[in-house]
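Here's the structure we're looking at; comments come further down.
Quick note on labels: first sequence line is chain A, next is B, and so on, each numbered from 1. Note that the coordinates shown come from a computational prediction; the quantities given were computed from them, not determined experimentally.
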Amino acid sequence: MSTESRSNFLKTQIQADLDGQVMGQLVTRFPPEPNGYLHLGHAKSITVNFELAKQFGGRCHLRFDDTNPEKESQVFIEAIQDDVRWLGYEWHGEVRFASSYFQQLYDWALHLIDHGLAYVCDLSAEEAREYRGSLTEAGRDSPYRTRSPEENRQLFTGMRAGEFPEGSRVLRAKIDMASPNINLRDPILYRIRNAHHHQTGGDWPIYPTYDYAHGQEDAIEGVTHSICTLEFEDHRPLYDWFIEHLPVPSRPRQIEFARLNTSYTVTSKRKLKQLVDSGAVSGWDDPRMPTLAGLRRRGYPPAAIRHFCEEVGTSRSDSVVDVAMLESSVRNHLNESAPRAMAVLNPLALTLTNLSQPETLSVANHPGNEAMGTREVPLTPELLIDADDFREEANKKYKRLVIGKRVRLRGAYVIEAERCDHNASGEVVRVYARIIEGTLGEDPADGIKAKGVIHWVSASSGVPAEVRRYDRLFSDPNPGKSDDVLAVLNPDSLRVIDTAVLEPSLAHAQPEQVFQFEREGYFIADRFDHSGGKPVFNMTIGLRDTWSAVNA
RNA sequence: UGGGGUGUCGCCAAGUGGCAAGGCAGCGGGUUUUGAUCCCGCCAUUCGCAGGUUCGAAUCCUGCCACCCCAGCCA
C-alpha cells in the first residue's frame, strides 16, 4: 500500500523550484470558501496540499476564502475545520481568513488606481457583458476606462464609504479589452455589496473578487505554491499580473492539477443540494453522500481516503477514477483494523440437539492479529444463523449447511444438520443439528470434514439491532452527466434491516466503532443513532465477494 | 471559426531519446475455522492518428483528430 515514492508533476516542479532557489521551504494552503460542506473532491485537494508540505518539510495553511458574504456562513467554517481535522490534518498556525486581509487588499487597490492600473466603471452588469465581447470577438473599452487616477480614487473611496448602491459601480483592472484571454478583459476587482459578513460584520460595503484577492492572500501568507484546479489555468496570467504590479511581500506561483472525479458519485454542490432538498438522502451527512461528513458516518477510515487520494495520483488530465479503487482502499484498511464479530442479519432458528448446557467460548478478535485479543461468545442450545446459510439440499459447490452435511460454527464446533421444520407456506423455520463431539479447534475424528464455516449468534443472549445496508447511491456510473440526478438514483441504495441480531459483545460498541461482521462486511456503530440500548449499525462496505458473481 | 489544456492496458497512472513501473478491475492456481484476508501467476511488441528526425522515439519535429475549460459584479 506504499505510494510515497510515486512521482507526479507537482513534486517534480516543486523540487525544481526549491533546488537552488531563494525560497527555503514549501508553503501551501487549502483555501475553501465557507459556502458548503467538504466532499471527496476537497479531500483530494487537502491531501495534495498537506502531503506536499509534509514531504518537503514545509507547512500548509487553512485559509477561508471568504470574499462573498452572501453565500457564506459560520456553520461551514466550523464544519470544514472539523472535516479537515477528521481527515487527519492540522494546519500551520491559526486558521486564516481572506477577510482579515481586506484592508491590505483595499490599500493595494488604491495603489493600482494611483498607478493608472485600475478604474471605477459605472457600466451595468448587462452592459459590461456586452462590452466584454465574445470568445471570438474582442471586447470594447468601457467609456469609464479613461477616468483619471484622482477621479477613480475619489469614486473608489466613495464606494468604500458606502455612498453608492449595490451594482452601481465596480473597480476594474485596466488590462486589455482585446485580449484573447477573456479573464484579462479588464476584470472586476471590487463590487458593492451591502451584506453582513460573517467575519467583518458591516465593516465593508465592497468586497474583492476571487481573481483580485487570491494571489495577494497567498503573497501575504508567504505561500510559495498556490495549487488549484485546472479551470483556473486561464486565470493564471491575471494572478501573475497582480503579483507583478503590486508591492506584495512574496511571489507565489500558481500550479493547476486535474480535480478528482469518481465514478458513481457527484460532487457538484448544486446536485448534492438537490439530493438533500428532495429527501433522496437524509442530509449532508447521510452515509451515502460523498461529503466527508457522509463518508465519516459511513465508516470510511480517514486513512483509507488519504491513501486513495495518493494512490490515484495527481496529473493534469481529466479523468474519472473507478470508485472501486476507493472501496478497495477502505477494505484494505478495515481488514487490518476492524475487530471481527458475528451478527446474523436474516435469522433462521437452529437448535443444537445435543447441547445440554450453554458454553462460553473464547473467540479471536482478528484472525491475523493476536494482539487484538479474544472475546467471550455464548453458545446456547438455541441459535440463529443466516437463512442463506442453510439449504435442505444443494450441490457440492454449496459450502454451507445442508441436511446430512457438516459445517463449522465459526469459533465453535462442527455441526451436522439433521432435519428442519417448515411453516404453512413451506418455508424453513427451524433447523435441527447436532454437534460433532471433540471438534472445538479440531477437525472431526472420523475424517469427515466440515464443508465450510458459517456465523451464528445465540438466540437467547443475542442483541436485536437495526442494521442499515448501503449500496451505491446511483445506478449510473456517471450521474453527474445527467441533468436530473434524481432520475439515476439506485432504488436499493439503502435497506434498513430490523431483524438483525448481534452477538452480545457488540452491545458494548461505542458510536463510530467499526467491526467486521464475519462473512458480511464492515459495519460502524452510527455516530448519532447508536446506543447500547438500541444498537444501530451502518454497513460501511461488504466483504469482497467472488462467490455471488460466479453464481449469478 | 479566439484563447488555454489533455490524450500511455477496461479505470487511474509512472515514464523527460536507450528497448512500457505500480494500483484498481479481471482471469487462473495455492493456503485458509470468514466463498474474506494472504500468497503465486497471467493481463500494452505498444503509448490518439499520420508523416518526419535518429543507430534508436511514448519521449524531438510537422500535420491532423478527439475530449475538457473560459464570455458571474461565483470561487
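- Residue-level contact check: Gly167(A) touches the bases, meaning some heavy atom is under 4.0 Å from a base atom.
- Applying the 3.5 Å distance criterion, the base of U34(B) shares a donor-acceptor pair with the side chain of Gln516(A).
- Cation-pi check for Arg169(A) over Phe164(A) is met; the charged atom lies under 6.0 angstrom from the ring centroid and within 45 degrees of its normal.
- The partner of C67(B), taking Watson-Crick or G-U wobble pairs whose two distances both stay under 3.5 Å, is G5(B).
- Counting non-hydrogen atoms under 4.0 angstrom, Tyr190(A) reaches nothing in the nucleic acid.
- Residue-level contact check: Ala324(A) touches the backbone only, with heavy atoms under 4.0 Å from sugar-phosphate atoms and none from bases.
- Judged by the 6.0 Å and 45° rule, Arg410(A) forms no cation-pi pair with Trp456(A).
- The residue His235(A) sits close to a base: some heavy atom pair falls under 4.0 Å.
- In terms of position along RNA chain B, the nucleotide closest to Phe517(A) lies nearer the 5' end than the nucleotide closest to the other residue of the pair Arg169(A) and Phe517(A).
- For the salt bridge (Lys or Arg N to Asp or Glu O under 4.0 Å) with Arg519(A), the lone residue among Asp545(A), Asp389(A), Asp388(A) that qualifies is Asp389(A).
- Geometrically, Arg472(A) engages Tyr264(A) in a cation-pi contact, judged by NZ or CZ lying under 6.0 Å from the ring centre and within 45° of the ring axis.
- Counting any heavy atom pair closer than 4.0 Å across all strands shown, Leu171(A) reaches no nucleic acid atom.
- The nearest whole Å value for the distance from the CZ atom in Arg29(A) to the C1' atom in A75(B) is 12 Å.
- One cannot find a donor-acceptor pair under 3.5 Å joining the base of U34(B) and the side-chain atoms of Arg519(A).
- When the nearest nucleotides of RNA chain B are assigned to Tyr522(A) and Tyr210(A) by heavy-atom distance, the more 5′-ward of the two goes with Tyr522(A).
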Evaluate side-chain contact (heavy atoms from CB on, under 4.5 Å) for Asp122(A) paired with Ser168(A), printing each intermediate quantity in order. CA-CA 6 Å; Asp122(A) 301 356; Ser168(A) 61; over 6 Å; no
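- Remark: the Arg236(A) side chain and the G4(B) base include no donor-acceptor N/O pair separated by less than 3.5 Å.
- Counting only heavy atoms from C-beta on, Pro180(A) has its side chain closest to G2(B) among C73(B), G2(B), U34(B).
- No hydrogens or angles were tested; on distance alone, a donor-acceptor pair under 3.5 Å links the side chain of Asp234(A) to the base of G3(B).
- At A14(B), none of the side-chain N or O atoms of Ser7(A) fall inside 4.0 Å of OP1 or OP2 (strictly under the cut-off).
- The base of U37(B) lies outside donor-acceptor range of the side chain of Arg544(A), with no N or O pair under 3.5 Å.
- Contact annotation for Thr314(A): backbone-only contact, meaning every heavy-atom pair under 4.0 Å involves sugar-phosphate atoms and none involves a base.
- Taking 4.5 Å as the limit, every side-chain heavy atom of Lys11(A) sits out of range of all side-chain heavy atoms of Gln13(A).
- Within residues 440-447 of chain A, the residues having any heavy atom closer than 4.0 Å to RNA chain B are, in order of number, Leu440(A), Gly441(A).
- Using a 30° and 60° split on the angle between ring planes, Phe232(A) and His235(A) fall in the perpendicular class, above 60°.
- Between the CZ atom of Arg472(A) and the P atom of A25(B) there is a distance of 11 Å, rounded to whole Å.
- For G35(B), neither phosphate oxygen OP1 nor OP2 lies less than 4.0 angstrom from any side-chain nitrogen or oxygen of Arg408(A).
- Residue contacts for Gly521(A): at a heavy-atom cut-off of 4.0 Å it reaches no nucleic acid atom on any strand shown.
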Please tabulate the protein-to-nucleotide N/O contacts below 3.5 Å involving nucleotides 9-11 of chain B, giving atom names and distances.
{"from": "C11(B)", "atom 1": "O3'", "to": "Val320(A)", "atom 2": "O", "distance (Å)": "3.2"}
{"from": "C11(B)", "atom 1": "O2'", "to": "Val320(A)", "atom 2": "O", "distance (Å)": "2.8"}
{"from": "C11(B)", "atom 1": "O2'", "to": "Asp322(A)", "atom 2": "N", "distance (Å)": "3.2"}

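- Searching all strands for a Watson-Crick or G-U wobble partner of C11(B) with both distances below 3.5 Å returns G23(B).
- For Pro367(A), taking side-chain heavy atoms from C-beta onward, the closest of the listed nucleotides A75(B), G72(B), U34(B) is U34(B).
- Among the nucleotides A25(B), C74(B), G2(B), the one closest to any side-chain atom of Lys71(A) is C74(B).
- Anti is the classification of G18(B), since its glycosidic angle lies more than 90° from 0.
- Considering only side-chain N and O atoms, Arg191(A) lies under 4.0 angstrom from the phosphate OP1 or OP2 of C74(B).
- Taking the side chain of Arg193(A) as heavy atoms from C-beta on, and the options G35(B), G5(B), C73(B), the nearest nucleotide is C73(B).
- Contact between the side-chain N/O atoms of Thr209(A) and the OP1/OP2 oxygens of C74(B) is not found at any separation under 4.0 Å.
- Residue contacts shown for Asp211(A) are absent, as no nucleic acid heavy atom lies under 4.0 Å away.
- Nucleic acid contact for Pro32(A): none, since no nucleic acid atom lies under 4.0 Å from a heavy atom of the residue.
- You'll find that the side chain of Leu135(A) is closest to G2(B), out of G2(B), A75(B), G5(B).
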Taking it one step at a time, do Glu217(A) and Arg29(A) satisfy salt bridge (charged side-chain N to carboxylate O under 4.0 Å, His left out)? CA-CA 10 Å; Glu217(A) 296 165 16; Arg29(A) 104 267 91 115; over 6 Å; no
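- Using a 4.0 Å heavy-atom distance criterion, Arg410(A) is classed as a base contact.
- Shown here are the salt bridge (Lys or Arg N to Asp or Glu O under 4.0 Å) partners of Lys449(A), two or more places apart in sequence or in another chain: Asp443(A).
- The aromatic rings of Phe523(A) and Phe517(A) lie parallel to each other, their planes meeting at an angle below 30°, with 60° marking the opposite boundary.
- One atom, CZ of Arg400(A), and another, C1' of A36(B), lie 13 Å apart when rounded to the nearest Å.
- Taking the six-membered ring for Trp and thresholds of 30 and 60 degrees, Tyr212(A) and Tyr190(A) have ring planes inclined between 30 and 60 degrees apart.
- Within the 4.0 angstrom heavy-atom criterion, base atoms lie near Glu518(A).
- Between Arg129(A) and G72(B) there is a side-chain polar atom (N or O) within less than 4.0 angstrom of OP1 or OP2.
- Heavy atoms of Arg185(A) sit nowhere under 4.0 angstrom from any nucleic acid atom.
- When all heavy atoms of Pro444(A) and Thr439(A) are compared, the pair lying nearest together is CA-CG2, 3.7 Å.
- Regarding Asn181(A), its CG atom lies at a distance of 10 Å from the P atom of G5(B), rounded to whole Å.
- With hydrogens and angles disregarded, no donor-acceptor distance shorter than 3.5 Å links the side chain of Thr262(A) to the backbone of Val323(A).
- OP1 and OP2 of A36(B) both lie 4.0 Å or more from every side-chain N or O belonging to Arg340(A).
- For Arg140(A) and Tyr131(A), the positive end sits near the middle of the six-membered ring, less than 6.0 Å away and at most 45° from its axis.
- For the OP1/OP2 pair of A13(B) and a distance below 4.0 Å, the side-chain nitrogens and oxygens of Ser317(A) include at least one atom meeting the criterion.
- For G28(B), the paired nucleotide is C40(B), the pair qualifying as Watson-Crick or G-U wobble because both relevant distances are below 3.5 Å.
- For Glu231(A), taking side-chain heavy atoms from C-beta onward, the closest of the listed nucleotides A75(B), G4(B), G35(B) is A75(B).
- In this structure, the nucleotide among C70(B), U34(B), G35(B) sitting nearest to the side chain of Ile182(A) is C70(B).
- Residue Val312(A) is in sugar-phosphate contact alone, with no base atom involved, counting any heavy-atom pair closer than 4.0 Å across all strands shown.
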